[in-house]
Each structure stands twice: as structure tokens, then as C-alpha cells.
Amino acid sequence: MRVLTRTDDWDIPDQFSLTTGKVRNIYDLGDRLLIIATDRVSAFDCVLPNAVPGRGVILTQMTLKWLDKLKDVMARISSPLPICHHVVSTDVNDLPDEFKPYTDLLVGRFMIVDKCSPLPIEFIVRGYISGSLWKAYLNKLEGGSAESITLLGHELPGDLQESQELPNAIFTPSTKAEAGAHDENIDYDAMVAAIHAWLQDKSFTGVDADELANACRELSLELYSAARDLAREQGIIIADTKFELGLKAIDGQLHLAIIDEVLTPDSSRFWPADIYEIGRSQESFDKQIIRDYLAKVLKWDKQPPIPALPHYIVVQTMNRYHECAGILEVELPQPPLNILLLVGSGSDLTDEFKSAIRSARAAYCTNGPFGMIDVQITSIHRNTLDCITLTQNSLEGVNLDEVDVVIAAAGWANQLAGVMEALLYHHGRYIPVFGLAIGAKGTKEFIAATHSIECLPGFPVIRDGDGNAYCNEDGLTAIFERLATESVPLTKPRKEKPIQLHVDIG
């Protein structure tokens with residue numbers, strides 16, 4: 001799976017000035033912006049050395065899906081200004097020519113948006129008591145009990161349990177802190193005052209701060225409530241969320257615009273509904289896996305150097321984001337797949353096998369889902385160093401940064417699939433590996449080849465739907481058909497176990 005972490009090394013003219021955030025890279029297109037969601041990931045206000053493959057695509061596509069699903073909510077809000085969102089296009093054909101060479105990397109992860117003036121407020125809505133709200137609630141109780149508690153300007157029952165749904169969703173705005181600082185919760189009156197000062201500073205005349213603040217509150221509450229109900233029907237609880245809003249002019253008319261990401265695992269707290277239980281903290285569809293690893297396993301003090309994440313933590317996080325997108329039925333567009341076909345030895349390339357490859361190229365690479373099918377000849381039992389060099393991305397003629405899937409095909413003692421998967425894992429490559437056994441069925445050579453694919457612990461090498469190894473030309477065709485009709489399978493997480501060099505056996 002290709003990963004995008006940076007764009008500053010692209011050949012983009014200086015006229016498109018670049019602003020780099022924790023996750024997003026933003027290019028100035030004049031009256032518009034090009035927002036690119038990379039796969040970078042941050043925790044505790046630090047950008048980590050690792051990326052989470054596909055994360056930027058998921059965040060972008062989830063935002064777009066919610067904007068589409070909630071357009072009726074935007075239309076019915078009472079507001080002194082018309083309500084809209086800032087997205088103009090997600091079509092690669094609308095990219096400036098200078099960005100066209102990078103289309104395959106940008107598919108699904110960019111938005112061309114109108115420039116807006118962001119309001120200086122985080123518009124937060126909470127439907128369940130969790131996180132900082134739960135901590136503040138406990139502090140108010142101070143070990144005692146009360147009929148009710150006033151918190152962030154809202155009166156709450158005094159007998160709530162952790163993660164319990166609130167009687168009504170509450171609006172709890174906060175300030176937008178500068179980089180490195182923390183947002184501060186404020187009450188509604190303070191929010192009105194901040195908006196009033198901001199309108200004056202930006203010279204937005206004719207806009208009443210009280211009316212605008214009320215519209216922002218109503219819009220935030222209505223968006224959350226509608227999304228909460230829709231998500232719950234699909235199996236996800238949205239415990240809380242934050243919105244970013246701004247002002248933009250369209251044909252001389254100011255509009256209140258929804259900007260940035262909307263109702264994603266990064267801007268919201270998503271819980272799986274099937275295991276939800278009040279009285280405890282919940283699992284979440286976000287990067288909590290990463291935060292828990294850094295805080296509880298590494299016990300990182302949040303000071304440099306920033307630690308790298310082990311492969312299994314990255315993969316678990318990646319799969320969690322994908323699981324969330326799947327539950328919410330978010331379609332994830334993919335660029336044309338580049339497939340690397342590794343063959344055990346030259347003798348495995350029979351005329352029939354070559355014909356199957358040619359047929360796949362004709363069927364899938366011409367205006368199809370595949371960008372290329374490359375064939376590399378190696379022999380795992382003779383050229384192990386070549387395999388290591390390949391997975392280090394140092395083998396001449398192969399660029400793993402452009403490879404989406406590996407098919408490892410060999411006969412006899414076919415260790416190629418398992419060894420390649422292990423080496424890719426070791427070098428931090430999130431490329432799924434299909435195992436393909438080659439040989440005459442029933443022979444001990446063929447049986448050995450299939451067993452070496454099917455019997456790997458944890459099944460890291462991809463097999464067919466019945467758990468069997470793909471075999472020969474028919475298997476190759478079946479792999480291509482699967483890749484053409486289904487999402488690329490995710491790599492699997494696994495933990496590395498320590499090697500014991502000296503074992504006391506008594």
C-alpha cells in the first residue's frame with residue numbers, strides 16, 4: 001500500500017506556496033486552496049516518524065460523505081448567513097497542471113476548496129460523557145454526590161457514569177490555541193465576545209455577533225445529532241465531535257461555511273456500538289492504539305526524541321481506520337494498482353504461465369484497475385540476498401514505493417511468499433503478499449509449495465476465500481479477478497517475540 005507523508009520534494013513551482021500542518025499539506029492556488037491529507041500521524045502534539053497507510057484517504061472520504069449526507073441539515077438551519085461548505089472539487093481533472101504528475105498519489109486524499117476566514121472557535125458537541133468532560137465531572141463531585149452539577153455552563157445529573165449518554169447533547173466551545181498550546185473551554189458568552197472581536201478585527205460589517213454565534217451553535221448541534229443517529233444505525237456511536245466554521249463570500253454575499261474535516265475519527269470520538277457499555281472507557285476507532293502504546297507501553301515522557309512505532313501498532317491502527325470506514329460504508333477510491341509478480345525461478349515461467357500473465361495485462365492494465373504488472377525473476381533458495389535487497393528497495397529496476405501488491409509464485413519448497421512477507425514487514429513495507437503455488441497437482445513438490453503458503457502461523461500470506469493457496473494459472477487469474485473487484489487486502493498486525501539465545505532446559 002502506497003504511503004504519502006510529504007509533498008515538499010515534489011517539483012511544484014514556488015507560486016503555489018506550501019503550508020505544512022501535522023497531517024495536511026496546503027497549497028495556495030490563489031482564490032482557492034489545495035488541501036492534501038497525508039498519512040502522517042501525530043500524538044501528544046508531536047508528528048511521529050511513522051505514517052498510517054491510507055489514513056489521509058479515509059479522513060478525506062469520510063468528510064466528503066458526511067458533507068453529502070448532511071446537506072439537508074445545513075439547509076434548514078436558521079442563520080443570518082446562508083450555510084454551505086468550502087469544498088469546490090475532488091476531481092483530479094481540476095488539479096492545476098503542475099500537480100497532474102502526482103495524480104496517482106493524490107487520488108482520494110485531496111480537496112480543492114474556497115478560501116475562507118476561519119472563526120477563532122472550536123465548535124464542540126458532546127453527546128456522551130467521556131474524556132476531559134468525564135474528568136471535569138469527577139473533579140466537581142470530589143468523591144461525593146449531588147443531584148446535579150453545572151459543568152461548562154450546562155446542568156448535568158449528579159449520578160452519571162463514565163461513557164453514559166447525556167440527556168441532551170451539549171455545546172461546549174473552546175478557543176483555538178496556537179501551535180504547541182492547548183485549547184481552553186469557554187462558556188457561550190465568552191464565545192459570543194470572541195466572535196464579536198473577531199468580526200471587528202476582520203472588518204466583517206453587517207454581521208451581528210449574537211446571531212452568528214447562535215447559528216454556529218444550532219448548526220453544530222443539528223449536524224452532530226443527525227450524524228449521531230445515522231451512525232448509530234450503522235453500528236457506531238459518535239460520542240462527541242468538533243466542527244470548524246468560517247466565513248466566505250460568494251458573489252458578494254457572506255456565507256457561513258463548514259470547513260476542514262467533518263465527523264472523522266480524528267475530529268470525533270467514535271465507539272463500536274456492539275461492545276458499548278456504560279461505566280468504563282470505550283474502545284475507539286482512532287489513533288488511541290498509538291497513544292496507549294506511547295503512554296502505557298513505552299511510558300514516553302512526551303519529550304524528544306520522538307519514538308518510532310513498531311510495525312504491529314501501525315498496522316492495527318491502519319486496520320482500525322479501515323474498519324470504521326467499512327462500517328460507515330465509506331467508499332475508498334484507489335489509484336491503478338501496480339502489481340509485482342515474483343517468480344521462484346525462470347523454469348516456473350512456462351508458456352501457459354506467460355500466457356496467463358499476458359491475458360491479465362490485456363484484461364486489467366488497459367483502462368482497467370491495474371497500472372502495471374511487472375515480473376521479476378528470482379530464486380529464493382539461491383538468491384536470498386537479492387530478496388533482501390529488493391525489500392530494502394535497493395534492487396535495480398524495482399521501486400517498491402510504487403508497488404501495491406506482491407504475488408510470490410514458486411514451486412517445490414515455496415518459501416518465497418513467506419520470506420518476502422517477512423522481509424517486507426521487517427523493512428516497514430505495508431504491501432500485501434499473495435502466495436501462488438506452482439507445479440503438477442498431487443506431486444510432493446506441489447504439496448510442499450501449497451503447505452508453505454497455507455501453514456504459516458497467523459496467515460500473513462494471502463490465500464483464497466477457503467483458506468487454500470492460489471495455484472498455477474487459474475490461481476493467478478483468480479488473484480487478478482479478486483484485485484479487480486475487491487479492495488486490496490490489508491496487511492496483518494503481529495507482535496515480534498524476543499529471541500532467547502540461551503534457554504535453561506534443566
Side-chain angles (χ1 to χ4, degrees), residues 43-44 62 66 121-175 182-188 190-191 217-218 220-243 262-297 299 302 316-317 320-321 323-324 327-328:
F44 306 115
M62 197 169 291
W66 281 119
I121 302 294
E122 301 276 6
F123 299 95
I124 301 170
V125 183
R126 304 173 190 268
Y128 293 72
I129 187 164
S130 183
S132 61
L133 184 65
W134 174 244
K135 292 179 182 178
Y137 183 83
L138 290 179
N139 289 336
K140 278 276 189 176
L141 280 176
E142 295 181 343
S145 61
E147 287 189 8
S148 65
I149 290 175
T150 300
L151 200 59
L152 302 180
H154 299 274
E155 187 173 327
L156 303 177
D159 59 351
L160 292 175
Q161 299 181 59
E162 184 177 6
S163 304
Q164 186 171 348
E165 185 171 11
L166 299 172
N168 296 290
I170 60 175
F171 178 68
T172 60
S174 74
T175 60
H182 295 285
D183 299 338
E184 291 185 16
N185 294 320
I186 56 176
D187 61 24
Y188 183 76
M191 183 189 82
R217 175 174 60 183
E218 183 183 353
S220 300
L221 285 166
E222 289 293 327
L223 288 173
Y224 167 78
S225 298
R228 175 200 58 198
D229 295 344
L230 289 169
R232 188 62 186 261
E233 292 175 0
Q234 294 178 288
I236 286 181
I237 293 172
I238 304 180
D240 53 49
T241 193
K242 72 173 181 178
F243 298 102
V262 177
L263 293 157
T264 71
D266 277 22
S267 66
S268 315
R269 209 181 301 262
F270 285 7
W271 297 336
D274 59 342
I275 58 172
Y276 166 71
E277 182 181 21
I278 65 171
R280 61 171 177 83
S281 61
Q282 311 296 311
E283 292 185 22
S284 56
F285 288 107
D286 60 8
K287 54 188 176 183
Q288 189 61 44
I289 294 169
I290 292 174
R291 288 190 289 262
D292 287 347
Y293 172 78
L294 294 174
K296 298 178 182 179
V297 179
K299 295 181 170 55
K302 303 173 189 175
Q316 285 179 358
T317 306
R320 199 72 169 144
Y321 275 91
E323 182 185 358
C324 181
I327 293 173
L328 292 175

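Heavy atoms only: backbone and side chains are in, while hydrogens, waters and symmetry mates are out. Start at 1 with the first residue, then count along the sequence.
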In terms of the angle between their ring planes, are Tyr188 and Phe171 parallel, tilted or perpendicular, with boundaries placed at 30° and 60°?
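Tyr188 and Phe171: perpendicular rings.
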
- Message: Before you tell me yes or no, could you show the steps for Leu151 and Lys140 under side chain to side chain contact (heavy atoms under 4.5 Å, CB included), namely the whole-Å CA-CA distance, both residues' side-chain angles and the distance that decides it to 0.1 Å?
- Response: CA-CA 8 Å; Leu151 200 59; Lys140 278 276 189 176; 3.7 Å; yes

key: Residue pair Asp240, Tyr128: steps toward the side chain to side chain contact (heavy atoms under 4.5 Å, CB included) verdict   = CA-CA 7 Å; Asp240 53 49; Tyr128 293 72; over 6 Å; no

Practice item. Mind checking the CD1-CG spacing from Ile170 to Leu156? Nearest 0.5 Å is all I need. Key: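 Here the rounded value is 5.0 Å.
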
Please examine the side chains of [Y] and [X], heavy atoms only from C-beta on, and report whether any two atoms are closer than 4.5 Å.
{"X": "Phe44", "Y": "Arg291", "value": "yes"}
{"X": "Ile124", "Y": "Glu122", "value": "yes"}
{"X": "Pro272", "Y": "Arg320", "value": "yes"}
{"X": "Met62", "Y": "Ser268", "value": "no"}
{"X": "Pro265", "Y": "Ser284", "value": "no"}
{"X": "Ile238", "Y": "Leu263", "value": "yes"}

Before giving the answer on side chain to side chain contact (heavy atoms under 4.5 Å, CB included), spell out for Tyr137 and Ile129 the whole-Å C-alpha distance, their side-chain angles and the decisive distance to 0.1 Å. CA-CA 9 Å; Tyr137 183 83; Ile129 187 164; 3.5 Å; yes

Open item on the list: Does Ser220 form a side chain to side chain contact (heavy atoms under 4.5 Å, CB included) with Phe243? I'd like the steps, not just the answer.
Closed with: CA-CA 7 Å; Ser220 300; Phe243 298 102; 3.9 Å; yes

Quick one, Asp266 with Thr264, criterion side-chain hydrogen bond (donor to acceptor under 3.5 Å, both in side chains). Give me CA distance, side-chain angles, the key distance, then yes/no. CA-CA 5 Å; Asp266 277 22; Thr264 71; 5.2 Å; no

Of all heavy-atom pairs linking Thr317 and Asp286, the shortest is CG2-O, 4.2 Å

